Amino acid sequence: MLDIQHVDKSFGQEGPPVLDDFSLAVAEGEFVSLIGPSGCGKTTLLRIVAGLLTATSGTVAVAGVPSLGPSRDKAVVFQHFNLFPWRTALANAAYGLEIQGMSRAEREERAMQWLVKLGLERYAHHYPGEISGGMRQRVGIARALVIEPKLLLMDEPFGALDALTREHLQGELQRIAESTSLTILFVTHSIDEAVYLSDRVIVMGTHPGRIIREFQVDLRRPRYDYNFRAEPQYAAIRGEIWSLLERELAITPDEPLVDATAGGVDTRS
Amino acid sequence: MTPTPAAHPGRSPIRISPLHHPHHRPRRGFLYTGTGVWTVRIVTFVALIVVWQLYASGVSRALFAAPSAILESIIELTITEATLWGAIATSMGALFAGFGLAIVVGVFIGLLMGRFRPLELVLDPYVSFLYALPTIALIPLLVIWFGIDTQLRLALVFLAGVFPVIINTMAGVKNVDGELLDVGRVTCASERQMVTTIVLPAALPFIFAGIRVALSQALVGVIVAEMTAIITGLGGMIIRFANFFQTANLFVPILAIMAVSVSLTTLLKWLERRLMPWDHRHLEEEGA
Ligand SMILES: Nc1ncnc2c1ncn2[C@@H]1O[C@H](COP(=O)(O)OP(=O)(O)O)[C@@H](O)[C@H]1O
Ligand SMILES: [Mg+2]
């Protein structure tokens, strides 16, 4: 579904390499998380895949087609929600369809369906400034999904939320992922979140950004139905990722990584 | 289960009510109640008028008009002779035409300058210098170019209004959050769609700030042009009354200009609130 081949990226002529020979293939319907220390190039990679940045070299293909810029089969959920403050929740959610030229009645009906699915029907006519962070990100998710993308790119989507809201939205995202054939590339700072949500966790190292290891997570799905944290596999993977990242952080100890066993709070803004 | 919003009573939408605004702590005493404030205002106003009337009765009518004389003038100019309305219409006609044009052209140029760096680099010096120049300094030049005609006022109002609009629009356009532009880009919005769905709404508060500045500049432009070049409208009225030392009459166009200015500012605020219902600063301003 998504094929990233030998992507290198540096900013400017003489900039240091931010990504070095990054290759990753994601199958249709697969949920893959990227985890790594701050500044290792996760956002940069996601922006390249989204078509917001061009790679210095290497290729990205979606569904076998080279991806050279933004396209309708990809959608992005942003860390800071990036809702339009002048649009209501409904008009925000309908944005992609409006850009495609769909009639108002039809696009609002479709957007409303997503808002209902995400439990937001009562807030459809509220402005983003009037709803909580968790609700805003639900609108952000609705806005991404309403265009029915094949590939969903999420950059620390729950990083700015409190622990409880975060756990709610993780459950909802899992439900959505299961009910569709959506392929998801998910950037996170939380080991717990990565293991909870993913089929595969990619651990990245820094300077330059590269893959250091990947883990297959075979925990039974759906995972919100039982205490997956009690499973031996959970503890094993979490421990291994933790020690890998600790080693990376020992090299570049610029920012503490969050070990969010209990859905810990990410203190980053 | 999908948590319904009802499960978070503490997270219901927050509207900042003026009464609960942190800067609006209730204070004790009659003076600070709504009725109290108005009582004080009315009492001081009446006192002022009475003192003024008493003082004015002792001096020459040409030097100092008594409130009673001003009232007579108001009645004369608005009802008996009713020449004020024509003057207001003349001044407002020029103001609206020139000001409307200034907004349309100013937003358009500001938008282009904010979106295309080369254009900004070329035009910025001209815009900055003309913005810095008090437009009324151009009146003699405009008289030479346009003659003593309505076009002169139109040109003056336009020049007074267009630069604040350009500068503020450009600032607003350049200030648009890049992350919001990213949303448009990943959604494959065309340049036209980027501008209409993101850039303009995001720049709207800046554009309105420009329009507010432009309005006061344009008003100055109209009145000064009418006082100095084409003696007509409200400005012309002021000059004519002043030349004949009709001091009581003189107050009428001055009060009219004040009323017009306040009405236009209020209209603009109302429009702003209508066009930007998401902007919570308005809610806070109400409490301030
Ligand atoms: N536009 C840019 N110009 C120059 N350097 C950048 C730019 N964007 C990101 N970088 C650099 O690239 C590196 C990776 O950044 P980023 O992808 O945001 O990391 P992450 O998302 O993993 O925290 C950082 O060192 C950052 O300083
Ligand atoms: Mg990042």
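Letters go in sequence order (proteins before strands), and every chain restarts at 1. In what follows, every heavy atom counts, from backbone to side chain, and hydrogens, waters and symmetry copies are set aside. For clarity, every value in this text was computed on a predicted model and none was experimentally measured.
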Neighbourhood of chain A inside residues 164-178 of chain B, taking heavy atoms under 4.5 Å as contact: none
Just wondering, do B/L200 and A/W86 contact through their side chains at under 4.5 Å, heavy atoms? no
Below 4.5 Å, heavy atoms only, C-beta onward: do B/T187 and A/R143 meet side chain to side chain? no
Could you look at B/I198 and say if it's the side chain, the backbone, both or neither that has a heavy atom under 4.5 Å from chain A? both
Bottom line for B/S190: the part with an atom under 4.5 Å from chain A's heavy atoms is neither
Relative to chain B, which segment of A/L83 carries a heavy atom at a distance below 4.5 Å: side chain, backbone, both, or neither? backbone
May I ask you to check whether over 12 heavy atoms, not counting those of A/F11, lie within 6.0 Å of atom CZ? yes
Count the heavy atoms of every other residue, nucleotide or ligand shown that sit under 6.0 Å from CZ of B/F108, and state whether that count exceeds 12. no
Among residues at least two apart in sequence or on other chains, which ones pass side chain to side chain contact (heavy atoms under 4.5 Å, CB included) with B/S128? B/D124
B/G184 and A/Y95 have their tightest heavy-atom pair at CA-OH, 4.0 Å
Kindly give the heavy-atom pair with the smallest separation between B/V186 and A/V76, and that separation in Å. CG1-CG2, 3.8 Å
If you tally heavy-atom pairs under 4.5 Å between each of B/C188, B/P201, B/A189 and chain A, the highest tally belongs to B/P201
Residue from A/A144, A/S71, A/A50, A/P85 scoring the most non-hydrogen pairs under 4.5 Å with chain B is A/P85
Which pairs pass salt bridge (Lys or Arg N to Asp or Glu O under 4.0 Å) with one or both residues in residues 187-211 of chain B, sequence neighbours excluded? B/R115-B/E191
Those residues of residues 97-105 of chain A, ordered by number, that approach chain B below 4.5 Å (heavy atom to heavy atom): A/E98, A/I99
Rounded to the nearest 0.5 Å, the CH2 atom of B/W278 sits from the CZ atom of A/R87 at a distance of 10.5 Å
Using atom types as modelled and distance alone, determine if a side-chain donor or acceptor of B/R185 lies under 3.5 Å from a backbone N or O of A/L52. yes
